[in-house]
Amino acid sequence: MSFRKFVLGGACLVIAAMAICQDKVDRDFQIKVVDAAAKYKEGKTEESLKAFEDLFKINPKSSDVLAWLGFLYLRVDRAKDAVPMLEAAAKDRPNDLEVMNNLGNAYMITNADAKAVAQYTKIATLNPKMYEPWYNIGNIRLRSKDWKNAIVAYKKAAEINPKAPFVYNNIGVASEKINDIDGAASAFAKAATMAPTNASFVKNAAYSLLKTKSPEKALPYLEKLVLLNKEDFDARLVYGDALWRSGDKKKALEQYEALMGKTKETASFYFNLGVLRAFAKNVAGAEEAYRKALDLDGNDLDALNNLGILLYKKGQYEEAKTLFDKLSGLNPSSKDAKKNLAAAAVQCGDLETAKKVWKDMLKAEPSNVGVRLDLANALWQTDDSAGARQQFMIVLQSDPNNSEALNGMGLYHLKQNSLQLAEAAFKQSIAGDSRYLPAYNNLAVTLERLNRRKEAIALLEKALKIDPQNAEIKKNLERLKSAV
């Protein structure tokens, strides 16, 4: 969403000045002019306007009346009526800055941009110390989407008056339009620093700084923004996100929890809340948030993934499998979704689903050794020893020393009662990875069948030194020793 705002030149209206009356005959008329002007200064704008309209009927050529009528028409949003009055006044007072400025405003409001720029340019030439003409030229350029020339005009205004926050704010708006992110952020920050209670300026600074290479600089402005407007829940949400990205997950979670029930319920809100709760080790709260995200958007990929992982870790494999299955369907290019689906299927004892997933993955990525070994082991467990052997052989073609594949080949030979081939494969597996314990255990079984129990016992004792807590190694060692 965008919160960029620029300020038009209405603040540059100037009360019309009055000419000095030389003719005694006009004194009564001039007194009435003064009285009409006094009504405006007393806050009686409509009465003042009515009085000047009556004076115009008496003397339609009075420059004082023309100038005041033009000014008052602008004040009551009748810029179209102001134009002819101010044009006539300007002819009579060609160097009157106030009249020229108000005429420029009237042109700008009625979209006569070229005429407005001409007026403001004359003013800037006559009085180089006035920043308002350049500011208003900048507004016209901004409105016409002439971003670069708008910036030029605003910068001239800023040189004359470096303490005008709305000038810098508008520089920021134009800079964003030409994708000068750093320039926009710098300008918005200046505006917000000069006017720290202006929520629009502070918001512009915060949001633009979030786009820079140093988004952490946005945090002070976001913090100020939420203090200025506690009901701006969108800003508080952005503040929470910025805290999260800056690493302050505790404060980020506080912001999110405080927004419960106060901001629009979206899947992304509850997903982020779930992630933050998970970081805080609130597993139940994280699960609740992820489920809420999926209630709002059942196809939210991130929520499906995170809830699936959370349930998998809790041992709720069936539901985790269902979530990963849906995720794989929605995002068929995701390797992680497929891996997680296969892992959950294995935990559920559904090796057929796991095999199907792994085969599908290998079609897209035949060189994935890990997936191929998973498939081989699943084939072995479902009594497809020939299929398992084929997968182990493919792995060994690219990685001849792969300990797991060599162990698998050893198991195949052991099943075929080819004990010498099994022994060789298991020994090669251990040579490839001296800490790969399944090969030790399987080699001990092979040696036992070859009536070489002492070697088998020595081998298992060596394995136990690698992992003293390995229950299977302990069990087989005790069995072999008792048999001796």
Of all heavy-atom pairs between [X] and [Y], which one has the smallest distance, and what is that distance?
X      : Y      : result
Gln119 : Gly104 : CB-CA, 3.9 Å
Ile160 : Lys129 : CG2-O, 3.0 Å
Pro162 : Met194 : O-CE, 2.9 Å
Leu209 : Thr212 : O-OG1, 2.8 Å
Ala354 : Ala345 : N-CB, 4.0 Å
Trp358 : Ala342 : NE1-CB, 3.3 Å

Check your understanding: Applying side chain to side chain donor-acceptor pair (under 3.5 Å), which residue pairs with at least one partner in residues 337-346 are found, sequence neighbours left out?
Key -> Lys338-Asp360

Study note, to complete from the structure: Applied to residues 245-257, the side chain to side chain donor-acceptor pair (under 3.5 Å) test, sequence neighbours excluded, yields Asp241-Tyr256, Tyr256-Asn272, Glu257-Arg277

Check: [X]/[Y] side-chain N/O donor and acceptor closer than 3.5 Å:
X      : Y      : result
Asn59  : Ser62  : no
Asn401 : Ser403 : no
Tyr436 : Glu404 : no

Within the distance-only criterion (no hydrogens, no angle test), does the side chain of [X] pair as donor or acceptor with the backbone N or O of [Y] below 3.5 angstrom?
X      : Y      : value
Lys321 : Gln347 : no
Asn305 : Leu301 : no
Tyr73  : Leu49  : no
Ser186 : Asp182 : no
Arg141 : Lys148 : no
Arg143 : Met108 : yes
Ser63  : Asp92  : no
Thr121 : Val117 : yes

Check your understanding: Is there a side chain to side chain contact (heavy atoms under 4.5 Å, CB included) between Leu273 and Tyr290 once you walk through the steps?
Key -> CA-CA 8 Å; Leu273 178 61; Tyr290 291 141; over 6 Å; no

Practice item. Decide yes or no for Asp300 and Tyr270: does some side-chain heavy atom of the first lie under 4.5 Å from some side-chain heavy atom of the second? Key: no

Exercise for review: Please step through side chain to side chain contact (heavy atoms under 4.5 Å, CB included) for the pair Ser208 and Asn204, ending with a clear verdict.
Suggested key: CA-CA 6 Å; Ser208 63; Asn204 287 349; 5.7 Å; no

Flag the pair [X] and [Y] as a salt bridge only when some basic side-chain nitrogen lies within less than 4.0 angstrom of an acidic carboxylate oxygen.
X      : Y      : answer
Glu42  : Lys39  : no
Lys203 : Asp232 : yes
Arg93  : Glu98  : no

Exercise for review: List the steps, then state whether salt bridge (charged side-chain N to carboxylate O under 4.0 Å, His left out) holds for Lys32 with Asp28.
Suggested key: CA-CA 6 Å; Lys32 292 179 181 179; Asp28 288 344; over 6 Å; no

Point to revise | Residue pair Glu352, Lys355: steps toward the salt bridge (charged side-chain N to carboxylate O under 4.0 Å, His left out) verdict | key: CA-CA 5 Å; Glu352 294 304 317; Lys355 287 191 294 185; 3.1 Å; yes

**Study point:** Matching residue for Leu341 among Asp336, Val357, Leu323 - test: side-chain contact (heavy atoms from CB on, under 4.5 Å)
**Key:** Val357

Check your understanding: Should we count CZ of Arg291 as having more than 12 external heavy atoms under 6.0 Å?
Key -> yes

Exercise for review: Go through the structure and list residues passing ring pair (Phe, Tyr, Trp, His ring centres under 6.0 Å) with Tyr317, not counting sequence neighbours.
Suggested key: Tyr312

Exercise for review: Would you sort out whether Lys156 and Ile137 count as a side chain to side chain contact (heavy atoms under 4.5 Å, CB included), showing the intermediate values?
Suggested key: CA-CA 10 Å; Lys156 287 183 179 179; Ile137 289 173; over 6 Å; no

Exercise for review: Report the C-alpha separation of Asn101 and Asn105 in whole Å, then their side-chain angles, then the decisive distance to 0.1 Å, and conclude whether the side chain to side chain contact (heavy atoms under 4.5 Å, CB included) test is met.
Suggested key: CA-CA 6 Å; Asn101 188 72; Asn105 287 342; 3.6 Å; yes

Practice item. Answer with yes or no after comparing the ring centroid distance for Trp134 and Tyr131 against a 6.0 Å cut-off, counting only values under it. Key: no

**Study point:** Ring centres under 6.0 angstrom apart (Tyr40, Phe52)
**Key:** no

Practice item. For the residue pair Tyr135 and Tyr154, categorise the inter-ring angle as parallel (less than 30°), tilted (30 to 60°) or perpendicular (more than 60°). Key: tilted

